[in-house]
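Step one of this worksheet: look at the structure below.
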Amino acid sequence: MVKVILPDGNSLEYTRRVTPLEVAGDIGKRLAKATLAAEVDGQLIGCDTVLPAEDEVRLRLITDRDPEALDLMRHSCAHIMARAVMRLFDGVQLAFGPTIENGFYYDFLSEQPISDEDFPRIEAEMRKIIKADEPFERVVLPREEAIALCRDLGQTLKVEHIEQGLADQETVSFYRQGEFVDLCRGPHVPSAGKLGALKLLSVAGAYWKGDAQREQLQRLYGTAWFRQEELDDYLRKVEEAKRRDHRVLGRQLELFMIDPKVGSGLVMWLPKGATVRRELESFIYGELLRRGYQPVYTPAIGRVELYETSGHYPYYKESQFPPIDMAAHWGEGDKYLLRPMNCPHHIRIYQSKPRSYRDLPLRLAELGLVHRYEQSGELSGMTRVRGFTQDDAHIFCTEDQVADEFRGCLEMTQFVLKTLGLENYRVRLSFGDRSSDKYVGSAETWDRAEAALEQVCREMPGLPEPHIELGEAAFYGPKADFVVNDCIGREWQLGTVQLDYNLPSRQRFALEYIGPDNQPHEPVMIHRAPFGSLERFVGMLIEHFAGAFPLWLAPEQVRVLVVSQKFEEYARQVERRLAEAGLRVTGDYRPEKVGAKIRDAQMELIPYMFVIGGREQDTGGVAVRDRLEGDLGTMPVGEALEKLQAEIAAKTVRKTA
RNA sequence: GCUAGCGUAGCUCAAUCGGCAGAGCAGCUGAUUUGUAAUCAGCAGGUUGUGGGUUCAAGUCCCUCCGCUAGCUCCA
């Protein structure tokens, strides 16, 4: 006797062992049709898997309205895609085919290259399979038989996986779909006909088991949704992301450029982008001064010896520009490194004189230009570059001060993000793994620091609940990262606060301060950067605002334009008045139609247009046009000016289209 | 770095089987003097990323290098 208890409290009783599908059938035909899988004791199982032999079973039937269902269905899509590929290409070996956010992929080892030109016929084959609606059958085999089966099928990658990856399992499950058999934990939807609207998206390279030394596989990406509207929606969102691409907008709006002749990954800020940056810089300097930081300037290169002491050389040699060897060129002289980070310079400032506990915390800040030689395939617009500017600071403090300083860093980052309207973010605390020996510093120090960091985060008003990732810390100390969601939901890792027990240590720079006991002590160092890097941050901002910056950041804030050149003299007076008030203003006095001038200003995403014609000239006013709201009507110049100044002072962020 | 794809005017793109490199926008010149998202006309703009090869003939086919894109690997 088995009692099957449903989430709504109802139950059914059976004298035999049943499958979820049978249960669903007993409740109603429609439900049976909609049921894709089931959850028993928190575990997902397939529709045709018999329920466990227990007196009472809590069963939840899963239909396409449940969140788990999408994942399940996408995984089945991956199988169907693999089946289609096996039919169309010879000698294909299967690797893995998991689901991912928004879709699925499958990795293939194939002598024949698969390209996106093959997508139509793969999709057609998939449609054929879906139409045939054959069931997914679960087959469980003992290990040895499973290995033999994969060997027979010529699937040596799968053989390897069973032998190594699944070494501890006595039985291994397979799913059969017509002629297609694949090693898989499951579950799957009951049959191919249950798959929703899908589309293959791209083909890319990947490595077997993620190891660059192993076989290179071909990865086919696809997306799948239960309903066509959802697929269309998703594709629209992808298009939207493309429309906001900072590389495209950066060129259109003349914000920045990257010139292969100057070098890959080296960003040049054009006048308009430089204006955005300058505004951000002055904002950040204001905050630094308000919060007791002391800005410094240090050079972008340093002697190799400096980095030998810091441990950055030769440890990170592959990701650095190689040393400049003066001796090799001139017969004498030192070797210099383009600095990959600012800390050593700041440390030497700290060490330039004896420090007392009364000097601490010492907060040295700098917008420091650093260079790292990222792999060519990694470069991307402003977000992954070879030269970038960190809004960096290093805090030297006593252990007792760590919590307060850490709190101050979080507050500042929080404030900066809020000011820019980036309210949707999470905080990731990366802690050490005590069982590993890669970390410097004592376990007690780490315990204390991590407990303090966590407590500070939790006590911080307005800060989202941090989530802790063990073993993700840098070897030199735990850290907190801010992962920001932009307005279309993409994640960006930006600001970071990191504790450092390594550089101050005796093995490195041997930092000291004289304590109240008149004895030397080792300070703790905190690295922090609310933006991360100006390049990445502005790249993200471009996409977040789709190029339409808030007024205080806009490269051009007002465009004065005349209805006819007859009004040029008056308009130039207005323009001069705005410029003298500190606004970034330009005038459009071309003999074009108003519509054309408005269109141009609109395309350049200029926040305000002041239109001037006879009416305005006669009344001493301007017709204000808002980039988003359109015509706001005519008002006196003074009033319009005050309105804009208020918006700038408040750093208002308005919702963008 | 790896795999795949791509590289034509400042930008977006066209050029059939290998057969005279072309358009729109932007730019310049002229006309137009305009009331809230594109006035008209003309002109100019190119060693088809680089270097080599095949061919009577190469934007097109082959090789090299450079760069870009997607993904992988990486990100102190």
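In this text the structure is predicted, and so the values were computed from the model without any measurement. Throughout, protein chains are lettered first and strands after them, A, B, ... in sequence-line order, and every chain is numbered starting at 1.
In this structure, of B:G1, B:G71, B:U33, it is B:U33 that holds the atom nearest to the side chain of A:Gln565.
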Worksheet, complete the sentence: B/S/- along nucleotides 35-45 of chain B (protein heavy atoms under 4.0 Å) is BBBBB------

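Donor-acceptor pairing under 3.5 Å is recorded for the side chains of A:Glu616 and A:Thr634.
Contacts of A:Thr223 classified as side chain to side chain donor-acceptor pair (under 3.5 Å), with partners at least two apart in sequence or in another chain: A:Trp225. Evaluation of the side chain to side chain donor-acceptor pair (under 3.5 Å) rule for A:Thr99 yields A:Asp71 as partners, not counting sequence neighbours. A:Arg303 pairs by the side chain to side chain donor-acceptor pair (under 3.5 Å) definition with A:Glu305, A:Asp334, not counting sequence neighbours. Residues that satisfy the side chain to side chain donor-acceptor pair (under 3.5 Å) test with A:Glu239, not counting sequence neighbours, are A:Lys242. Listed by chain and number, the residues in a side-chain contact (heavy atoms from CB on, under 4.5 Å) with A:Met341 are A:His312, A:Cys343, A:Pro344, A:Arg372 (sequence neighbours excluded). Residues satisfying the side-chain contact (heavy atoms from CB on, under 4.5 Å) test with A:Val637, not counting sequence neighbours, are A:Tyr570, A:Val574, A:Arg577, A:Val622.
Every pair passing salt bridge (Lys or Arg N to Asp or Glu O under 4.0 Å) that includes a residue from residues 247-259 of chain A is listed here, sequence neighbours excluded: A:Asp245-A:Arg247.
Although no hydrogens or angles enter the test, the distance criterion places no donor-acceptor pair under 3.5 Å between the side chain of A:Glu374 and the main chain of A:Arg384. For the pair A:Gln557 (side chain) and A:Leu551 (backbone), a donor-acceptor distance under 3.5 Å is present. Under a 3.5 Å cut-off, the side chain of A:Gln351 and the backbone N or O of A:Phe509 do form a donor-acceptor pair.
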Practice prompt. Any chance you could encode RNA chain B as dot-bracket? Rule is Watson-Crick or G-U wobble with both distances under 3.5 Å; [ ] for pairs crossing earlier ones, | for another strand.
Written response: (((((((..((((.....[..)))).(((((.......))))).....(.(((..]....))).))))))))....

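In this structure, A:Tyr105 reaches neither bases nor backbone, as no heavy-atom distance under 4.0 Å exists between it and the strands shown.
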Nucleotide N/O to protein N/O under 3.5 Å, stretch nucleotides 65-69 of chain B:
| unit_1 | atom_1 | unit_2 | atom_2 | d |
| --- | --- | --- | --- | --- |
| B:G67 | O3' | A:Ser264 | OG | 3.4 |
| B:C68 | OP1 | A:Ser264 | OG | 3.4 |
| B:U69 | OP1 | A:Arg247 | NH1 | 3.2 |

Close N/O contacts between protein and nucleotides 5-10 of chain B (under 3.5 Å):
none

Contact list (N/O, under 3.5 angstrom) for nucleotides 50-52 of chain B vs protein:
none

